[in-house]
Each structure stands twice: as C-alpha cells, then as structure tokens.
Chemist: 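Supplied in structure tokens, the structure appears directly below.
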There are 2 protein chains.
Amino acid sequence: MKKIEGGICAVEGVKAAGACEDNYGVAVIHYPDSSAAAVFTKNKVQAAPIIITRESVKDGKLSVIVANSGNANCFTGKEGIEHAKLMASQVAEGVDVPLDHVAVASTGIIGRQLPLPIISKLITDALRRLENSSGASRNAAEAIMTTDTYPKEFAVETTLKNGKTICIGGITKGSGMIAPNMGTMLSFITTDIEASPAELEEALKKSVEKTFNMVVVDGDESTNDIVILMSRPGKGNIDGNFQEALDYLCSQLARMMAHDGEGATKYMEVEVKGAQALDDARMAAKSIVKSPLVKTALFGADPNWGRIVAAVGYSGARMDENTISVRLEEGDRIVDIVDKGKIMGFEGTEELELAESIMEREEIKIIVDLALGNYEATAYGCDLSYDYVRINSEYST
Amino acid sequence: MKKIEGGICAVEGVKAAGACEDNYGVAVIHYPDSSAAAVFTKNKVQAAPIIITRESVKDGKLSVIVANSGNANCFTGKEGIEHAKLMASQVAEGVDVPLDHVAVASTGIIGRQLPLPIISKLITDALRRLENSSGASRNAAEAIMTTDTYPKEFAVETTLKNGKTICIGGITKGSGMIAPNMGTMLSFITTDIEASPAELEEALKKSVEKTFNMVVVDGDESTNDIVILMSRPGKGNIDGNFQEALDYLCSQLARMMAHDGEGATKYMEVEVKGAQALDDARMAAKSIVKSPLVKTALFGADPNWGRIVAAVGYSGARMDENTISVRLEEGDRIVDIVDKGKIMGFEGTEELELAESIMEREEIKIIVDLALGNYEATAYGCDLSYDYVRINSEYST
C-alpha cells in the first residue's frame, strides 16, 4: 500500500469539478454507472438531500454526485425537497444519466431555503469544467469547504491478493459539528476495484466505524452527514488488502478533519488499549477527545492527566483507577504520567517537565492503557480554543 | 411556601462556619444527631472523600460535614484516603461526635495530594467560628467556592399537611465540570422536618433528578460530586408539600449553578414539553443545553433555532420535525420561531428581529414543544464563552 497523488481523480474514469462564489460552492463528481454504498447521519432531523440520496442510492447504482456548501437545505420542508430534486435533475441532464443515478449532498447553515439561482449557476459552471485531474479533485474538495481552512483529499494504491493493483481516492470536509456518528461531514470516495453495492457497503461501514465515527470536534451531530463510496461494478475482489487500504484512507481523512477542527490550534490522537471489549475502548477514547476540560487543557498546554482519567471514569467504559496508565507522546518523546494508577507527573519531577513540553506541541498522542483486556481503539480530536467560540458565535450573522 | 433568609442556618440547631486562605477553603456544618441521605457522583473514578462519606452515611446518621475547596483529593491513592480520614477525625474531635458521624467532601484540582497543614489549620479556624447565623451560612457557602463567582445559598419555609411549619436551607457550589449526573458540585441541605434516612433518601433522589441532574455547564462529570440532606430524626412527616419545597429549593440552587457556569455571560433555561415519555423530554432538554453550537449561538446572541432542532434530533428523544415548535421567551416577550415544523424566523421578518433582541438578554428561556405527548422536563445551562476557554486552559497553572 502506498500514498499516491490525485485525490478522487487518482481513479481512472472519475471526473470532478468545483465552483465557488461568495459563501457558496458546488462540487460535481462524475463516475458513470458505478456501484455505490453510503452511510448517513443518525440525527432524527434529516436534510432534504439526505432524504433524496437515501432513495437514489438504494439500488446501489450511482453515476454522479452533486454537493453544495453554504446552505444545508435542512429543515426546509417540501420546498427544500423540491430544491434538492432540482439540483439532481440539473446534474442528471448535464451529464446525461438517469435521475436516480444522482446523489445530492449539502452542508452549511440549517433552516434557510437554498438560494437556487446561485447554486444552479455554480452547478452549470462545475459541469462545464468536469475533468480527470489532480486539480479537479482539489477544486471539488475546495468547493465543499465551509469553515474548513484547507481542502482535504487523499489517495492510496494497493495490490489485492489476486495480484490486481487498485487505487482509492477521497475528498472530505469537516470541520465543526463533528462528533461520533459523523457531525457535518461530507466524504466522497472513489475506487477502481470492481465490487457489488453490498460488498462496498460492508467495507465502508467497517471503515467508517473505526475512523470517521471516532472524530470529535464539538460533540454536536449534524443533520447532513454522508459518506459515499463508488467503485466499478463487479464482484468478488474485495479482500483484506482492500479493507486495509480503505481503513487507511479513511483514517487519513479523519485525521485531517480533527486537525482542522473549528478553531483548532492542536491535534490530539487518543489510543485506548487494554480494554475488556471494543466498546469499552471506543467509549473511553471518545470520551477523552470530547471532554471540554481535556480540550481546554490541551489548548493551554497543561498535562492535566486528572481530567483524562476523569473522562475515562464517566465514559461508561469498564476501568480500574489502580491499573490505568496514561502516556503522552510527541515524535519520539514519551512520558508516562500515570503508571498503573500511580501518578508520576508531580510538581518538580522530570516527568512533569517533559509532559509540559510535549503538551506545547501541535500534535500530541495520548495513550491510555486500562490493563484489563486486549481491545483497543483510537479517537481523533483537537483542542477547544477561543477561535472555536468566535467562529460559532458569529456563524450565521 | 415562601423564600426565607439564612441559608442552611435558617434551620434551628444548625451551626456553620467557613474559613479561607489563598486558593483553599474549608466549610463545617454541624447538625448533631441528624438523619441523613446523600447522592454521589456516578463517575467510576471516585475521590477519597466520596469513599469515606459513602461509608459514614450508610447508617443514615450524621452530625457534621467538613468540605474543602482547592484540592479534590481524588486519584490520590491510600495517602488520599488517609488525608480524608484525618480531616474527619479532626472534626469529630472538634465537635465531639463519633467518627462515623462525619461526612467529608472535597472539590478542586484532581491528582495532587491534599496540602494537609493548610486544610488542617482552616478546619481549626472554622471549628472555632461555628454558629447559627446568616453570616455563618454565607461563610460556609463562600469557603466551598472554586471558580464560582458568588456564594450560592437558598432557604424556604412551608407548611406541611399536618399543620407544622418547617424550613429547608441549602448551600451549593458549581461551576465547571457541571453535567448531567452532577459534575463537580457540592450541595449541602438542612431541614428541621423530622424524618428517617430512608424517607430523606427518597425525597432527595426525586429532587436531584429534576434539578441538579438537569444542569449542564460543560458536560464533564466530576469525580467528587455529592449532595447531602440532613434533618431531625423522626418519621412520617414528609408529604407533597415538603417535596415541593425541596424541589423548589434544589431548582433554585441548580439555577444559580447554571447562572454562574464557568465563564458564563448568559443563562438559559430549556423547557421541553409534549414528549412521549419523561426520558424523551429529559434527553431533549439536556441535549440542547449541552450543545456547544447552541451554547456559542447563545453567547453570540444568534437565535439559531436550526442548532436547537438539530440538538433535539440527535438527543435520542423521539421527535418529528413536522410537529416541533420552538419558542423564545424573555420576561414578557415571546416569539415562536418555529411553529409546528414551520420556520417563522426568516430574515426580514418581525419574528427574527424580536428573536434577535431576546437573544441579546442575559436570561433566556427556550421552550420546545414536541407535540407528541404530555411529558415535560426543564434543563438549566449557560453559554460557552471565551472566558470558559480561558479559565479552563489556565486552571492548574
């Protein structure tokens, strides 16, 4: 498996484009007659595009995705559904595919009607520019950004056990309202493996659980989340190597989302191991990356392992304060601040000094060993900064 | 039922005192041979004083409470247990009661050993000043403050159905790490009703569920939470009037905690009605007050009902976006920004203008009607401000 360039356009036959104006953007991804699977938000309020796309992806066939930023087309009633359908039909006509081959996605402010004239104009622009190139993938990634500060894309190549070489490319956007169960994130992944919709769905669900669902920015869950995976039609090729590559691609996109969390100045990766069950590991890891007290401690470069241990304590995970260990890592520097329930990072110790200097860095890994079993999980998060507050208190004005 | 003065000392026979030095404080509450019940944190990591107090309150008898601020005596191992016991024995000797009549509580930083010389000196000071007076209750409330900006106390008087007049007084401290299931809060309540420990426990649990457990500041759950209720020994007097008065007292203390949440500039009360079950109402109300996006919108005076509806959507509560209504209230000004799924607060409308002016105020009530049933619940919260981030990124330095 190796990293390659080109994002979604690393895959032959995929054309992409992006167009932006003011606060709005439109991305189009054209991959004719592909097999497709999607994972949707679990929020009970579902945006109009989610309702439309759930229907069109049902038969596992897609040819094109249209996604807009700037307006979520959510809580917009029948008019919103109408707007999402109009987006779909404009694109279906533009690339000459059946209407039920179109997926629609939206991100942005909730509860305002979509400004159709602008979106429609941007769709026209994007359709005109569709092409298979690195630049096109980048443009599409840029077009779906909201408060993201940089476009997010990744691509990998791997060799299947049957000897075939395949590639997978993805673009994604964060960056607020990111939570377990995917707060406002759109992610579109293409691959040239030949697979059936059912095979894709199984693989995608496995990856999403381990990656996108382990990203927490603020704990809010969006109404608009969607991850779509498109491949060539076919069957019987997905194997462990493909799954590993897809996991890796999704984890890279998830990391970028956490890195670029709203207002984030620091990135944290939390690995919980030694758990009695996978659920315990996941609950504990998510609880730490979600804790406002851990997040503000990270912002303040305070190695406050007490808040880390407390977050494990209320996570619901089985834990024992006499066996828990907490390690901080940055590059090749490592410090055990809690060792089997014993605090090592007291004032005046070398451990605390090292812990403080690690916490000053921009990328920190927190490793918690519960020492109760053999399960582990990793969660991705960021600090809680003044800028998070500024961005979100000003968002809709 | 009426509000009275005096806090915990409104109750005859209760003596209180508080002593402070630097970042530390000690409160002592002396109510000899009282019936007692307590509710504790659900965090799996439990502070040393919680372990001690759980044991001493088991038989339902207490005579004195000693509580310190500045250090949580949590995650402090055997030494921590020793320290909590030393606090208890100093107080037991001081007021001449059996050791198992002493409750100990602590709040402050986690994972550092208690500075026993300072705490011991403050206990001596407090014991010397014990008295039944409004000033003494106030001093005790002050001594348990951490990042609280003002002491919190309340007292009510009510007449039981048997004609007796009783009173209830309480002090409490917030103000960070406040969450469902009581993030770092200490609350001590006294009453002159004659009751058994079992009766007190039943009444206290009912009140806590409706009040303290519905306060959210940041969603973190503390390792040190405790609520203690002490009464005269006896039996058979608790009735609906007492419960109503206790509910009211606890709701007033809960309101104060939310008002004084760390860094809070605004207070919100969220009432969810029309729910299919009590749990639905509670989940929805808590989800709204906990949402970082609702909290930052409140800080920014943005009537972002979209975030409110989204928070209900992911709360787990049963809801229907076509029946939900959202109302904002401030004093006698009311605006329905969502009416049975229809958005009223669009740009340029009177509704939005009024909603914006309501959101500018310091106390806002959000009323969500799910229109699916007859259950309701209220949650108490505050905004998420720059100061929350500042306070918590600087806390342990």
Side-chain angles (χ1 to χ4, degrees), chain A residues 41-46 72 74-77 109-112 176-177 179 181 218-223 290-293 296-297 299-302 304-307 309-314 317-321 338 341-343 346-347 383-386 388-397, chain B residues 42-46 72 74-77 109-112 176-177 179 181 218-223 290-293 296-297 299-302 304-307 309-314 317-322 338 341-343 346-347 383-386 388-397:
Chain A
T41 179
K42 285 173 183 154
N43 197 308
K44 287 198 180 74
V45 179
Q46 307 228 336
C74 177
F75 214 76
T76 43
I109 193 160
I110 302 177
R112 301 214 180 139
M177 224 188 190
N181 306 316
D218 59 15
D220 273 281
E221 287 171 40
S222 155
T223 50
K290 196 174 170 178
S291 157
L293 289 173
T296 45
F299 178 59
D302 171 12
N304 196 317
W305 54 268
R307 294 181 182 176
V309 172
V312 176
Y314 68 71
R318 285 167 288 182
M319 64 91 68
D320 179 344
E321 59 184 284
V338 178
K342 212 174 139 224
I343 304 161
F346 276 121
E347 240 165 310
D383 58 350
L384 172 56
S385 72
Y386 295 123
Y388 176 85
V389 177
R390 185 187 53 73
I391 291 166
N392 284 297
S393 56
E394 289 173 359
Y395 184 67
S396 71
T397 55
Chain B
K42 285 174 184 154
N43 197 308
K44 286 198 181 72
V45 178
Q46 306 229 335
C74 177
F75 214 76
T76 43
I109 193 159
I110 302 177
R112 301 213 180 139
M177 224 186 190
N181 307 317
D218 59 17
D220 273 282
E221 287 172 39
S222 155
T223 52
K290 197 173 170 178
S291 158
L293 289 174
T296 45
F299 178 59
D302 171 13
N304 195 318
W305 54 268
R307 295 181 181 176
V309 171
V312 175
Y314 68 71
R318 285 167 287 183
M319 63 92 68
D320 179 343
E321 59 184 284
N322 301 307
V338 178
K342 211 173 141 226
I343 303 161
F346 276 121
E347 241 165 309
D383 58 351
L384 171 56
S385 71
Y386 296 122
Y388 176 85
V389 177
R390 186 186 53 74
I391 291 166
N392 284 297
S393 56
E394 289 172 359
Y395 184 67
S396 70
T397 56

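The chains referred to below are lettered A, B, ... by the order of the sequence lines, with proteins before strands, and numbering in each begins at 1.
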Chemist: I'd like to know which of B:T76, B:V309, B:N322 tops the heavy-atom pair count under 4.5 Å against chain A.
Modeler: B:V309

Chemist: Below 4.5 Å, heavy atoms only, C-beta onward: do A:F299 and A:L384 meet side chain to side chain?
Modeler: no

Chemist: Which one wins on heavy-atom pair count under 4.5 Å against chain B: A:S385, A:A301, A:A297, A:G77?
Modeler: A:S385

Chemist: Applying side chain to side chain contact (heavy atoms under 4.5 Å, CB included), can you list everything that pairs with B:E321, at least two apart in sequence or on another chain?
Modeler: A:V45, A:F75

Chemist: Side chains of B:I343 and A:R112: does their closest heavy-atom pair fall under 4.5 Å?
Modeler: no

Chemist: Is B:A317 in contact with chain A via its backbone, its side chain, both, or neither, using a 4.5 Å heavy-atom distance?
Modeler: backbone

Chemist: Do A:W305 and A:V338 have side-chain heavy atoms sitting under 4.5 Å apart?
Modeler: yes

